[in-house]
Each structure stands twice: as structure tokens, then as C-alpha cells.
Amino acid sequence: MTVPTRRSVLRSLAATPAISFIAMPHVARAAEFDLKYGNNLPLSHPLNIRAQEAAERIAKESNGRVEIKIFPNNQLGGDTDMLSQVRNGGITFFTPSALVIATLVPVAAINAVGFAFADYDQVWKAMDGKVGAHVREAIAKANLFAFEKMWDNGFRQMTTSGKPIETAKDMAGLKIRVPVSPLSISMFKALDAAPASLQFSEVYSALQTRVVDAQENPLPIIQVAKLFEVQKNCAISNHIWDGFWFIANGRAWRGLPADIQKIVGDAINDAGVKQRGDIKALNATVQADLQSKGLAFNKTDPETFRAKLREAGFYKEWQERFGAEAWGLLEGAVGKLA
Ligand code: X2X
């Protein structure tokens with residue numbers, strides 16, 4: 001018997017009509033549930049790494065019945081586009097920041113109240129507890145499903161292309177980009193800055209062309225989006241803790257059988273908790289990495305910013321806008337704010 005050589009195998013394959021491959025039993029069959037997930041972050045961010053792991057786990061545990069195709073880095077459009085796509089069922093999943101989903105579910109911005117959280121212990125006590133449950137109920141009323149565990153974006157810091165931000169006085173007239181978020185606009189106007197709402201996909205070029213002179217984001221975002229290339233200074237302000245809600249189109253979610261919902265829910269929640277750990281680990285090294293890339297850092301005194309926000313009535317305004325119940329849950333987790 002002659003042993004087939006690579007050449008002879010390729011020759012025989014070339015002669016084989018394509019149709020036979022489709023009939024061959026080992027060709028993977030189409031998934032029963034073909035789901036799409038869009039997000040606004042580069043592939044290298046821990047959110048995409050953990051989401052990919054979750055998709056692989058779900059495919060395996062569902063014996064191929066569920067396939068989740070991931071569209072990272074604004075491939076499907078900006079946050080506003082993906083929010084409308086998940087609402088109309090064009091995509092199944094999306095991970096909007098709380099700031100962004102708040103354009104549809106206002107109370108979702110409650111975790112972004114300026115300087116509310118002192119540390120991650122307070123963040124997770126609130127978001128894995130009553131504050132998070134309250135927000136998830138509000139998201140459900142918008143016919144969306146929010147998974148239990150929020151994913152971490154991080155404590156937001158302020159960067160500038162000009163002089164560093166040392167105190168609240170340095171905010172006067174500062175052209176700063178913020179996400180498409182009413183609370184962000186309100187907060188930076190209360191600090192006397194000149195905030196401009198832009199989709200994340202537009203931030204790098206807006207900084208590069210000096211349409212804006214500043215932006216604010218957690219350090220891991222500044223790193224993966226290479227914003228250090230177009231910014232000079234970073235003020236450690238921790239002015240907002242921001243997280244991503246992993247959400248699903250409500251009708252699509254309810255249309256999944258219970259066993260599939262369990263597989264998907266467990267995998268996504270577990271991935272979210274692991275992603276929090278990734279951000280925590282990253283936070284231990286990211287500042288040194290950004291400094292090595294030329295970004296200069298300075299500390300700030302949060303009290304100067306808090307005092308300015310109080311004086312401008314920011315806390316009182318948002319206490320009224322969120323309502324007594326939500327505000328009470330937040331203060332129950334972090335103490336008196338207004
Ligand atoms: O747009 C931003 O600044 C980002 C990436 O942090 C959010 O998704 C809110």
C-alpha cells in the first residue's frame with residue numbers, strides 16, 4: 001500500500017467537489033442560537049479577553065447550541081448605535097458603561113455621582129448589593145436584561161494636553177471630552193469646565209486635533225486606547241467609579257430556554273468577576289507603564305472638587321433627579337454625600 005504524500009492528498013482534495021465537504025459529518029452544524037455581542041473597547045482590554053473566554057465556555061457547555069460572535073472596538077458603531085441595536089434586537093448583547101445606558105435608564109448613572117466611592121470595597125458592596133439590584137430592576141423596565149455582576153471600567157482620572165489639573169480652579173473653561181452622558185456633562189459644568197460629549201471612538205482624534213484639550217478615563221482605558229500619545233498630564237482624581245453593565249435584548253433573552261439561560265448567565269457573571277480581578281491587577285502596574293510612555297502624573301485633593309460640586313448644587317440636583325429611594329441606597333453604601 002503506498003503511503004499518501006502531502007502532494008497526493010492535496011491533488012485528490014483539489015479534485016473533490018466542494019459539495020462533499022458540506023455533507024461530511026464532521027463539518028460543524030450551524031448553532032441553534034447565533035448571538036451577537038458588541039462593545040466599544042480594543043481587543044486587548046480585559047473586557048474582551050474575558051468575554052471571549054465566556055463565549056468559548058458557553059459554546060462548549062451548550063454542546064455548540066449557542067455561538068456568540070463578538071464585535072469589539074466599535075465595529076458595529078458607537079455606544080449610541082449599539083444601545084439602539086441591543087434595544088431593537090439587532091444585537092443580543094452590549095456592555096455599555098453605566099454613564100451611557102443612563103441615557104435610556106437615568107438611574108443607572110447613580111454609581112457615577114462625583115466622588116461617591118472611596119474604594120472598591122464600597123463599589124462592590126453597593127453594586128453587588130441593593131444599589132445594583134435597584135438599577136437592574138430599572139434596566140428590566142426598559143425591556144433589557146442586565147446580568148447580575150457588573151464589569152469594571154475603573155476609577156476615572158483626568159488627562160490634559162496642556163497644564164496639569166491640580167485643584168478645582170484648574171477646571172475653569174477646560175475643553176474636556178466626556179462620554180455621551182447627562183451626568184458627566186452636569187458634573188463638569190458644575191466644575192466650570194466646558195465639557196463636550198463624544199463617542200469613545202472619536203476621542204483619540206478629537207484630542208489629536210485639539211478639538212478638546214482633555215478627557216477623563218480609567219488608566220487601563222488610557223493605556224489600551226493609547227491616549228498617552230495625545231495627552232501630557234494625568235491628574236489622579238478618582239472623580240467617578242465607572243462600570244459596564246453586560247446587557248441583553250429582553251425579548252431575545254426571554255426567548256432562550258432556561259438551561260441555556262443558566263449556561264450563559266453563569267459564564268458571563270463568572271467572566272465579569274474575573275475581569276474585575278484583571279483590572280485590579282492592571283491597576284498595580286498601569287501608572288508606571290504610562291509614565292514610561294511619557295504621561296506625567298500628579299495627585300489632587302478631592303475636597304477642592306467636592307466643595308465646588310456642593311457649591312454648584314450638583315449633589316442636590318442629582319439627589320432630586322435620582323429620587324429619595326435610589327439616593328438613600330447609595331448613601332447607605334457610601335455615607336452622606338449632599
Ligand atoms: O467612553 C468612555 O470614556 C468609556 C470607554 O470609558 C466608556 O465606555 C464610558
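Start at 1 and go down the list; that is how both ligands and their atoms are numbered. Along the sequence shown, the residues carry numbers beginning at 1. Remember, predicted model here, so these are calculated numbers, not experimental data.
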Joint cluster assignment, Leu227 & Ile236, ILVMFWY side-chain distance < 4.5 Å: yes
Closest heavy-atom pair and its distance - Thr103, Pro182: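 Heavy atoms of Thr103 and Pro182 come nearest at CG2-CD, 3.9 Å.
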Show the distances, to 0.1 Å, for all pairs joining an N/O atom of ligand 1 and a protein N/O atom that are shorter than 3.5 Å, listing one pair per line.
{"from": "ligand 1", "atom 1": "1 (O)", "to": "Arg177", "atom 2": "NH2", "distance (Å)": "2.9"}
{"from": "ligand 1", "atom 1": "3 (O)", "to": "Arg156", "atom 2": "NH2", "distance (Å)": "2.8"}
{"from": "ligand 1", "atom 1": "3 (O)", "to": "Arg177", "atom 2": "NH1", "distance (Å)": "2.7"}
{"from": "ligand 1", "atom 1": "3 (O)", "to": "Asn217", "atom 2": "OD1", "distance (Å)": "3.4"}
{"from": "ligand 1", "atom 1": "3 (O)", "to": "Asn217", "atom 2": "ND2", "distance (Å)": "2.9"}
{"from": "ligand 1", "atom 1": "6 (O)", "to": "Asn153", "atom 2": "ND2", "distance (Å)": "3.0"}
{"from": "ligand 1", "atom 1": "6 (O)", "to": "Arg156", "atom 2": "NH1", "distance (Å)": "3.0"}
{"from": "ligand 1", "atom 1": "6 (O)", "to": "Asn217", "atom 2": "OD1", "distance (Å)": "2.7"}
{"from": "ligand 1", "atom 1": "8 (O)", "to": "Asn40", "atom 2": "ND2", "distance (Å)": "2.9"}

CA sep, side-chain torsions, deciding dist, call: Asp301, Thr167, side-chain contact (heavy atoms from CB on, under 4.5 Å): CA-CA 7 Å; Asp301 171 7; Thr167 71; over 6 Å; no
Check: Phe117 ring centre within less than 6.0 Å of His239 ring centre: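 Ring centres of His239 and Phe117 not closer than 6.0 Å.
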Pairs involving residues 242-271, ordered by first then second residue, that meet ring-ring contact (aromatic ring centres under 6.0 Å, His included) (sequence neighbours left out): Tyr37-Phe246, Phe93-Phe246, Phe145-Trp253, Phe147-Phe246, Phe147-Trp253, Trp151-Phe246
Distance-only polar pair, side chains of Asp242 and Ser97, donor-acceptor under 3.5 Å: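 A donor-acceptor contact under 3.5 Å links the two side chains.
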